[in-house]
Amino acid sequence: MQELDKLFKEAKYPDNDEAIGIYIHVPFCKSRCNYCDFVSTLHNEENEAKYANAVKRELEWYLEKTEFEEKFHDAQVDTLYFGGGTPSILNSDFFEKIIDICRSSFNFDPNIEVTVEINPDSIDLSKLLKLKSFGVNRASLGTQSLDNGELKKMNRIHTEENVIQAVEAIREAGFENLSMDLITGYPGQTVESMTSNLNKALSLKPDHTSIYRLEIKPGSYLEYQVEVGEVAPINEQLIEIFYKTVCEILKENGYERYEMSSFTRPGFACQHNLKFWKDKVFLGFGAGAQGMTGSTRYANFADLGSYFDAIECGQSPYVSNKKMSPETRFKVALIMGSYLIEGVDLNLLSSRYNVDALSFIENSVGDLIDEGYIEISNDNVFNLTSLGRSDLNKVFSKWA
């Protein structure tokens, strides 16, 4: 432990002179999916209008604070991401208002990536054309499955036909960057049904796809279904078979895996998500949003009422706002970077933090090299092995 402490005596924060990302959380849905534990609430028009004004006021409040105004006013922004919940459930005026205030408050990169998460049942060509006119240029379609039986089990309210229609509308509106999400391992899914799902998705020619392994989230309805025996528990071995099959099919179709759950055609990696994995600064706004300013990590109230109350009183909407020491941020950077297939360049990490990253690895988890959980290449790149990726806690718990 003393040896590790010595490594951080001269540690520093990275310079953070690169472009930042902005995340806007939209906590509304028409209904709640069985597996979901995200910050969301049922949508109504009154809350929508109130929410648009609250997010606008939060942005204004944030930039009025001296320390943030000096650091982030006119900051270069190269990604803007509307996530949820179901952002596409909102009127297009919401996006126009929020994008306008972000554009006037920050310095938008000419090639900024602007993403909106879309549910297949809550989009049409007219709304897509409006989003495109506001500067949105990336659509992330929450497909999850293209099997109507599976969709019903998940409590998704769209159908396979809705997905096809949504993709056609997205392309007709002129979007050249389309991502589609799928879930593997849902109870009742087989290798055959999962393969059929993926092939149907690939026939729609997405530029990017995220394939998520099902997890039983605490508080989700799926957790209850498993507890009462309504559905079978997750079969981790089967999910592993699913995932290997998915990787093989996507590779054969020209998609490169660049993060544990993300696959892309050349040039279409999600630049916003790379902010998290590559230790970049991002600001979050809206109920349940999170951000990392460089030296602090914060989270807003997830409860919509508490968020509204804070904004209306001109107070901080934070439920937590924690100072990050260089040591803490260094460890987070190492953990998040481990999710990338390319691994973590320890030479670059050492330079950014003035810490001997290789010595930190050797002194904290060196035994896991011999056990086959991690590896360090000849050019000093840290990576998890397939064994390490299957048991992340084995590695990361030692850095808590």
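Keep in mind it's a predicted model, so treat the numbers as computed, not measured.
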Side-chain contact, heavy-atom cut-off 4.5 Å: [X] with [Y]?
X      : Y      : answer
Gln144 : Leu182 : no
Asp181 : Thr143 : no
Thr195 : Leu198 : no

Under a 3.5 Å threshold, yes or no: a donor from one side chain and an acceptor from the other, between [X] and [Y]?
X      : Y      : value
Glu150 : Asn197 : yes
Glu223 : Tyr35  : no
Asn354 : Glu10  : no

Return all side-chain donor-acceptor pairs below 3.5 angstrom for residues 323-331, not counting sequence neighbours, or 'none' if the list is empty.
unit_1 : atom_1 : unit_2 : atom_2 : d
Ser325 : OG     : Glu327 : N      : 3.4
Ser325 : OG     : Thr328 : N      : 3.0
Ser325 : OG     : Thr328 : OG1    : 3.0
Glu327 : OE2    : Lys331 : NZ     : 3.1
Arg329 : NE     : Asp279 : OD1    : 3.0
Arg329 : NE     : Tyr353 : OH     : 3.1
Arg329 : NH1    : Asn16  : OD1    : 3.3
Arg329 : NH1    : Gly294 : O      : 3.0
Arg329 : NH2    : Asn16  : OD1    : 3.0
Arg329 : NH2    : Asp279 : O      : 3.1
Arg329 : NH2    : Asp279 : OD1    : 3.4

Taking all non-hydrogen atoms of both residues into account, name the closest pair between [X] and [Y] and its distance.
X      : Y      : answer
Ser140 : Tyr81  : OG-OH, 4.0 Å
Lys275 : Val281 : CD-O, 4.2 Å
Lys56  : Ile98  : N-CD1, 4.1 Å
Tyr62  : Thr293 : OH-CG2, 3.5 Å
Leu214 : Pro187 : CD2-CD, 3.6 Å
Ser88  : Ser122 : OG-OG, 2.6 Å

Using the test ring pair (Phe, Tyr, Trp, His ring centres under 6.0 Å), find all partners of His208 that sit at least two apart in sequence or belong to another chain.
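His208 satisfies ring pair (Phe, Tyr, Trp, His ring centres under 6.0 Å) with Tyr258 only.
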
Those residues that, when tested against Tyr255, pass ring pair (Phe, Tyr, Trp, His ring centres under 6.0 Å) (two or more places apart):
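Listed in chain order: nothing, the list is empty.
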
May I have all residue pairs that pass salt bridge (charged side-chain N to carboxylate O under 4.0 Å, His left out) and include part of [range], sequence neighbours excluded?
range            : value
residues 152-162 : Glu160-Lys200
residues 231-259 : Arg213-Glu240
residues 84-111  : Asp100-Arg103
residues 370-389 : Glu371-Lys394

Those residues that, when tested against Glu215, pass salt bridge (Lys or Arg N to Asp or Glu O under 4.0 Å) (two or more places apart)
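Expected list: Lys217.
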
side-chain hydrogen bond (donor to acceptor under 3.5 Å, both in side chains) between Asp124 and Gln165, worked out:
CA-CA 9 Å; Asp124 56 35; Gln165 292 165 1; over 6 Å; no

Using a 3.5 Å cut-off and no angle test, enumerate the donor-acceptor pairs between side-chain atoms of residues 357-367 and protein atoms at least two apart in sequence or in another chain.
unit_1 : atom_1 : unit_2 : atom_2 : d
Ser359 : OG     : Asp356 : OD1    : 3.4
Ser359 : OG     : Asp356 : OD2    : 2.9
Asn363 : ND2    : Ser359 : O      : 2.7
Ser364 : OG     : Phe360 : O      : 2.6
Ser364 : OG     : Trp399 : NE1    : 3.0
Asp367 : OD1    : Lys398 : NZ     : 3.3
Asp367 : OD2    : Lys398 : NZ     : 3.0

Measure the acute angle between the ring planes of Phe28 and Tyr51, then classify it against the limits of 30° and 60° as parallel, tilted or perpendicular.
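Geometry flag for Tyr51 against Phe28: perpendicular rings.
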
Describe, in one word, how the ring planes of His25 and Tyr23 are oriented to each other, choosing from parallel (under 30°), tilted (30 to 60°) and perpendicular (over 60°).
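Because their plane-to-plane angle lies in the 30° to 60° range, the rings of His25 and Tyr23 count as tilted.
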
Pairs under 3.5 angstrom only: tabulate donor-acceptor contacts from the side chains of residues 282-290 to other protein residues two or more places apart or in another chain.
none

Donor-acceptor pairs under 3.5 angstrom involving side-chain atoms of residues 333-349: please list them, not counting sequence neighbours.
unit_1 : atom_1 : unit_2 : atom_2 : d
Ser338 : OG     : Leu334 : O      : 2.7
Asp345 : OD1    : Asn347 : N      : 2.9
Asp345 : OD1    : Leu348 : N      : 3.1
Asn347 : OD1    : Asn380 : ND2    : 2.8

So, Glu312 and Lys50, do they make that salt bridge, N to O below 4.0 Å?
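The answer is yes: the pair qualifies as a salt bridge.
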
Sequence neighbours excluded, every pair satisfying ring-ring contact (aromatic ring centres under 6.0 Å, His included) that has a member inside residues 93-128
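For residues 93-128: Phe82-Phe95.
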
The test is side chain to side chain contact (heavy atoms under 4.5 Å, CB included); show your working for Glu172 and Leu125 and say whether it passes.
CA-CA 8 Å; Glu172 186 176 348; Leu125 181 58; 3.4 Å; yes

